[in-house]
J.: 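First, the structure itself, so that you have it in front of you.
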Amino acid sequence: MNAYTTTHTDRAQTKRAFRDQVLEHRARREITCAQKDVLMRLATFLGRDGLWPSHETIAKAADVSVRTVIRALERAYALGILTSTKRTVMRGARRVRTSNAYTLVVTKAEQMKAKASHLRRAVFRASFLSVKKAEKVNPLFSFRPQWTAQSPERTPQEMLEAVQAWSREALSTT
C-alpha cells in the first residue's frame with residue numbers, strides 16, 4: 001500500500017469520527033442544527049494538504065451566514081472537537097494573514113487538551129476585555145498599577161519588623 005492510500009484512509013477515518021462526534025453533540029443538544037450543518041460541511045474540506053477554508057467558503061458551502069459559521073466554530077472550539085491555527089503568507093516583504101488552518105480533534109485526550117486551551121484563552125480574553133471596558137467607562141478606574149519613583153516610607157528593616165509584629169499579633173488572636 002502506498003503513502004497516498006494510507007493518508008486517504010486516515011483522512012476518511014478522521015472525517016467519519018469527527019462527523020460521528022458532531023452528531024453525538026447534536027443528539028445531546030449541545031449544538032444547533034445550523035452549527036451541525038456547518039461542522040459537517042467543514043469536514044468535507046479536509047484534503048491531502050490539510051483543512052483551511054475561509055469563513056466565506058464554509059458559509060457558502062453550508063448555505064448559512066458568515067456569522068453562523070463563526071458561532072459554529074467557536075462552539076466546536078469550546079467542545080474541544082476543533083482547533084485552529086492562524087495561517088500567514090509572505091507577500092513581498094510583508095507577512096499577511098490568510099484563512100485559519102483547522103484540525104479535527106477526534107481522540108478524547110486531545111479534546112480535553114483543546115477544551116482546556118480554549119477555556120484558558122476565553123477567561124483571559126474576558127478578564128482583559130472587562131478591564132478595558134471598565135477603563136473606557138471611567139478612566140480613573142484602572143486596574144493597572146501606576147508605578148512612580150518614590151522614596152520608601154520605611155527602611156527594609158522597619159518593614160521586616162512590622163511584618164513580624166503583624167504575624168505575632170495574628171498568631172496570638174487565633
Side-chain angles (χ1 to χ4, degrees), residues 1-91 94-138 141-144:
M1 205 176 343
N2 64 24
Y4 173 73
T5 309
T6 304
T7 306
H8 178 71
T9 304
D10 291 345
R11 280 196 318 267
Q13 289 173 347
T14 300
K15 285 181 189 180
R16 190 174 305 114
F18 179 77
R19 287 181 173 141
D20 289 345
Q21 289 177 355
V22 169
L23 292 174
E24 285 176 23
H25 287 295
R26 177 61 194 138
R28 290 193 300 256
R29 297 180 185 262
E30 295 172 339
I31 58 175
T32 65
C33 287
Q35 291 170 344
K36 176 194 69 103
D37 293 343
V38 167
L39 296 174
M40 296 294 255
R41 187 61 63 173
L42 177 66
T44 64
F45 290 101
L46 181 61
R48 221 183 291 183
D49 298 329
L51 179 64
W52 61 80
S54 67
H55 291 161
E56 291 80 12
T57 303
I58 300 168
K60 190 178 283 188
D63 197 28
V64 295
S65 70
V66 173
R67 186 67 199 132
T68 300
V69 169
I70 293 169
R71 274 193 226 96
L73 295 175
E74 278 297 319
R75 187 65 186 136
Y77 300 146
L79 292 170
I81 60 174
L82 185 70
T83 60
S84 71
T85 307
K86 296 176 183 174
R87 289 180 60 232
T88 58
V89 295
M90 291 300 289
R91 295 229 171 98
R94 292 183 55 202
R95 185 169 293 274
V96 179
R97 176 114 191 262
T98 64
S99 62
N100 293 328
Y102 300 101
T103 305
L104 305 178
V105 182
V106 293
T107 63
K108 294 294 181 191
E110 290 296 317
Q111 286 177 0
M112 295 307 278
K113 278 201 259 183
K115 278 183 188 181
S117 176
H118 177 73
L119 182 61
R120 211 173 26 253
R121 279 192 311 272
V123 167
F124 173 76
R125 193 177 321 127
S127 63
F128 178 73
L129 291 177
S130 62
V131 168
K132 295 287 276 183
K133 196 179 289 184
E135 289 174 347
K136 189 174 183 181
V137 171
N138 184 357
F141 181 73
S142 177
F143 290 104
R144 297 168 197 211

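FYI, side chains are in, hydrogens and waters are out, and symmetry mates aren't considered; it's all heavy atoms of this structure.
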J.: Test of understanding: with salt bridge (charged side-chain N to carboxylate O under 4.0 Å, His left out), list the residues that count as partners of E110, not counting sequence neighbours.
T.: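 Testing E110 for salt bridge (charged side-chain N to carboxylate O under 4.0 Å, His left out), a comparison that skips the adjacent residues, returns K113.
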J.: Please name all residues satisfying side-chain contact (heavy atoms from CB on, under 4.5 Å) with A114, sequence neighbours left out, ordered by chain then number.
T.: T83
J.: Could I get the full list of side-chain hydrogen bond (donor to acceptor under 3.5 Å, both in side chains) partners for T57, not counting sequence neighbours?
T.: S54
J.: Scan residues 52-81 for pairs that pass salt bridge (charged side-chain N to carboxylate O under 4.0 Å, His left out), counting only residues two or more places apart or in two chains.
T.: none
J.: Specify the closest pair of heavy atoms between A101 and W52, including all atoms of both residues, with the distance to one decimal.
T.: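 Minimum heavy-atom separation between A101 and W52: CA-CB, 4.0 Å.
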J.: Restricting to side-chain hydrogen bond (donor to acceptor under 3.5 Å, both in side chains), what partner residues turn up for T103, sequence neighbours left out?
T.: none
J.: Taking only residues two or more places apart in sequence, or in another chain, which ones meet H25 in a side-chain hydrogen bond (donor to acceptor under 3.5 Å, both in side chains)?
T.: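 Partners of H25 under the side-chain hydrogen bond (donor to acceptor under 3.5 Å, both in side chains) test: R28, E30.
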J.: Quick one: sort the Y77 and Y102 rings into parallel, tilted or perpendicular, breaks at 30° and 60°.
T.: parallel
J.: For L23, check side-chain contact (heavy atoms from CB on, under 4.5 Å) against everything at least two apart and list the hits.
T.: K36, M40
J.: Would you sort out whether R41 and T44 count as a side-chain contact (heavy atoms from CB on, under 4.5 Å), showing the intermediate values?
T.: CA-CA 5 Å; R41 187 61 63 173; T44 64; 3.9 Å; yes
J.: Atom CG of L82 and atom CG of L51: how far apart are they, to the nearest 0.5 Å?
T.: 7.5 Å
J.: Could you check whether any side-chain heavy atom of L73 comes within less than 4.5 Å of a side-chain heavy atom of N100, counting everything from C-beta outward?
T.: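 A side-chain contact under 4.5 Å is absent here.
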J.: Go through the structure and list residues passing side-chain hydrogen bond (donor to acceptor under 3.5 Å, both in side chains) with S117, not counting sequence neighbours.
T.: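 Expected list: R121.
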J.: To the nearest 0.5 Å, how far apart are CG in L79 and CG in L39?
T.: 8.5 Å
J.: Go through the steps for D37 and T68 under the test side-chain contact (heavy atoms from CB on, under 4.5 Å), then give the verdict.
T.: CA-CA 10 Å; D37 293 343; T68 300; over 6 Å; no
J.: Tell me every residue that passes side-chain contact (heavy atoms from CB on, under 4.5 Å) with T14, counting only those two or more places apart in sequence or in another chain.
T.: L46, L104, V106
J.: For Q35 and R26, what are the C-alpha separation, side-chain angles and deciding distance, and is it a side-chain contact (heavy atoms from CB on, under 4.5 Å)?
T.: CA-CA 9 Å; Q35 291 170 344; R26 177 61 194 138; over 6 Å; no
J.: Testing the basics here: between A78 and H118, what is the closest heavy-atom pair and its distance to 0.1 Å?
T.: CA-CD2, 3.4 Å
J.: With rounding to the nearest 0.5 Å, note down the distance linking CZ in R16 to CD in Q13.
T.: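 The distance works out to 6.5 Å.
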J.: What's the separation between atom CD in Q21 and atom OG1 in T107, rounded to the nearest 0.5 Å?
T.: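 The distance works out to 8.5 Å.
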J.: Hey, could you give me each pair passing salt bridge (charged side-chain N to carboxylate O under 4.0 Å, His left out) that has a residue in residues 94-103? Not counting sequence neighbours.
T.: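 Those involving residues 94-103 do not exist here.
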J.: Can you see which heavy atom on V96 is nearest to which on R91, and at what distance?
T.: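 That would be CG1-NH1, 3.6 Å.
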